[in-house]
A.B. asks: 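Pasting a structure below so you can have a look.
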Amino acid sequence: MIDHLLPINQILQGDCVEIMATLPEKSVDLVFADPPYNLQLQQDLYRPNHTKVAAVNDEWDRFESFEAYDAFSRRWLTESRRVLKDSGSLWVIGSYHNIYRLGTILQDLGFWILNDVIWIKANPMPNFRGVRFTNAHETLIWASKSQGAKYTFNYRAMKAFNDELQMRSDWYLPVCSGPERIKNGGKRAHSTQKPEALLYRVLLATTNPGDLVLDPFFGTGTTGAVAKKLGRRWIGIEQKEMYVQIAQERIEHTSPGGAGVRLEQPEKRRELRVPFGNLLEAGLLQVGQNLYFQGDRSKTAQVQADGRLVCGDLRGSIHQVGTRLAGGLPCNGWEAWCYIAEDGKMQPIEMLRRLLRRASASEEGTPTTEKFDTI
């Protein structure tokens with residue numbers, strides 16, 4: 001363990017590349033980065049009523065050229081990859097000004113892009129000059145450390161979060177406004193403060209309680225605040241002293257998540273894999289034993305020695321035969337096929353798989369949750 005070498009739950013002030021270089025290799029579970037966008041603004045922007053728009057014109061967003069921006073991006077992404085665990089992943093958010101350049105550099109450095117997620121802004125700023133479409137979205141890139149690397153994706157948690165529908169890659173969320181928008185002297189403290197709802201999805205989807213999240217462009221501390229709420233650990237790096245102070249105060253006043261953050265169900269795909277044939281090896285099922293599709297005694301299949309089922313002219317795995325009986329609809333054979341338990345009641349064979357998992361975990365003395373391979 002290298003936790004004692006890490007500044008956990010701390011904000012480090014200074015240059016992100018220099019500070020990341022001091023962190024141990026392969027020590028971080030997730031990097032979330034909201035880097036400068038390099039907007040290349042040439043002039044002030046005014047509304048139709050002649051009031052000035054508070055655009056992103058901060059010094060930290062100015063670069064001499066695309067080449068200078070690319071060199072800076074390559075340096076911080078290189079350090080991000082070094083400190084990421086092999087099972088870790090990275091998120092970076094940007095606009096059309098920079099996200100395509102960042103995507104190229106990510107791939108050049110060996111990252112493997114898993115998804116691009118479109119944050120559709122429910123309340124975007126209009127295009128006051130009327131010369132372009134309203135910029136109503138930003139793009140997030142989610143990438144693993146390398147092709148084929150293991151990574152965390154809490155699919156079931158995100159599906160439950162989304163009313164049992166698969167979470168899509170277009171997220172409709174409002175920009176940071178109202179009480180959430182941090183003010184300093186009556187004006188917004190940070191020009192690109194992200195809404196907590198955005199970070200909530202990122203951390204819920206791709207980290208587990210106790211994981212360590214690094215944000216090299218910490219700003220006003222949104223990542224740290226959400227990490228605290230969700231029971232994740234964090235490290236923030238921020239160059240500007242004013243932002244450090246704001247973020248520190250914000251996180252100190254953020255209530256940590258209670259026991260609920262520990263009640264997330266383990267992902268099925270991270271549980272110990274148990275092939276159907278293992279039930280035969282363990283004696284939980286017998287060769288020739290009848291199984292019943294969805295508990296219907298008229299739909300019977302016999303277990304074969306090789307783990308396949310025979311149902312009339314059908315022969316195949318529990319999933320293949322189940323799909324045919326379901327008229328071609330996708331079928332989870334573990335839930336669909338039932339056996340008659342000792343008490344005479346029908347039970348899905350999933351119950352036997354759970355028994356075998358518990359027995360295996362008990363023998364090994366380790367939990368049955370492992371991060372899984374890429375699809």
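Hydrogens, waters and symmetry mates are skipped; everything else that's a heavy atom, side chains included, is used.
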A.B. asks: Indicate yes or no: at least one non-hydrogen side-chain atom of Pro24 is less than 4.5 angstrom from one of Leu6.
C.D. replies: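 Yes; the side chains approach each other to less than 4.5 Å.
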
A.B. asks: One pair to check against salt bridge (charged side-chain N to carboxylate O under 4.0 Å, His left out): Asp29 and Lys85. What are the steps and the verdict?
C.D. replies: CA-CA 6 Å; Asp29 295 290; Lys85 296 177 182 178; 3.1 Å; yes

A.B. asks: Got a sec, which pairs hit ring pair (Phe, Tyr, Trp, His ring centres under 6.0 Å) with one end in residues 277-302, sequence neighbours left out?
C.D. replies: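 Sorted pair list: Phe293-Trp337.
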
A.B. asks: Can you find a side-chain donor-acceptor pair between Glu281 and Asn278 that sits under 3.5 Å?
C.D. replies: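 Result is yes, a qualifying pair exists.
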
A.B. asks: Looking at every heavy atom in both Pro174 and Asn123, which two are closest together, and how far apart are they?
C.D. replies: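 Smallest interatomic distance, heavy atoms only, reads CA-OD1, 3.3 Å.
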
A.B. asks: Does one side chain, of Tyr37 or Glu138, offer a donor that lies under 3.5 Å from an acceptor on the other?
C.D. replies: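 On atom types as modelled, these side chains qualify, holding a pair under 3.5 Å.
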
A.B. asks: Using the rule given for salt bridge (charged side-chain N to carboxylate O under 4.0 Å, His left out), can you reason through Glu79 versus Arg75, listing the C-alpha separation, both sets of side-chain angles and the distance that settles it, and then say yes or no?
C.D. replies: CA-CA 6 Å; Glu79 282 302 316; Arg75 288 196 299 273; over 6 Å; no

A.B. asks: Of Thr223, Thr254, Asn9, which meets side chain to side chain contact (heavy atoms under 4.5 Å, CB included) against Lys228?
C.D. replies: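 Result: among Thr223, Thr254, Asn9, Thr254 is the only option passing the side chain to side chain contact (heavy atoms under 4.5 Å, CB included) with Lys228.
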
A.B. asks: Kindly say whether the aromatic ring centers of Phe217 and Trp76 come within a distance under 6.0 Å.
C.D. replies: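 Between Phe217 and Trp76, the centre distance is under 6.0 Å.
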
A.B. asks: Check the surroundings of atom CD in Glu241: do more than 12 heavy atoms from other residues, nucleotides or ligands lie under 6.0 Å from it?
C.D. replies: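 No, CD of Glu241 has 12 or fewer neighbouring heavy atoms, counting only those of other groups under 6.0 Å.
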
A.B. asks: Going by the angle between their ring planes, with limits at 30° and 60°, are Trp142 and Trp91 parallel, tilted or perpendicular?
C.D. replies: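 Geometry flag for Trp91 against Trp142: parallel rings.
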
A.B. asks: Just one of Glu196, Arg250, Glu180 clears the side-chain hydrogen bond (donor to acceptor under 3.5 Å, both in side chains) bar with Thr222, so which one?
C.D. replies: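 Exactly one pass, corresponding to Arg250.
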
A.B. asks: With a sphere of 6.0 Å drawn around CD of Glu164, does it hold more than 12 non-hydrogen atoms of other residues, nucleotides or ligands?
C.D. replies: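 Enclosed: over 12 neighbouring heavy atoms sit under 6.0 Å from CD of Glu164.
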
A.B. asks: Give a yes or no on whether Ile251 and Ile8 share a hydrophobic cluster (residues Ile, Leu, Val, Met, Phe, Trp, Tyr; joining criterion: side-chain heavy atoms under 4.5 Å apart).
C.D. replies: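 Result: no, two separate clusters.
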
A.B. asks: Checking side-chain polar atoms at under 3.5 Å, does Ser317 have a donor or acceptor matched by the opposite partner on His319?
C.D. replies: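 Per modelled atom types, Ser317 and His319 side chains form no pair under 3.5 Å.
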
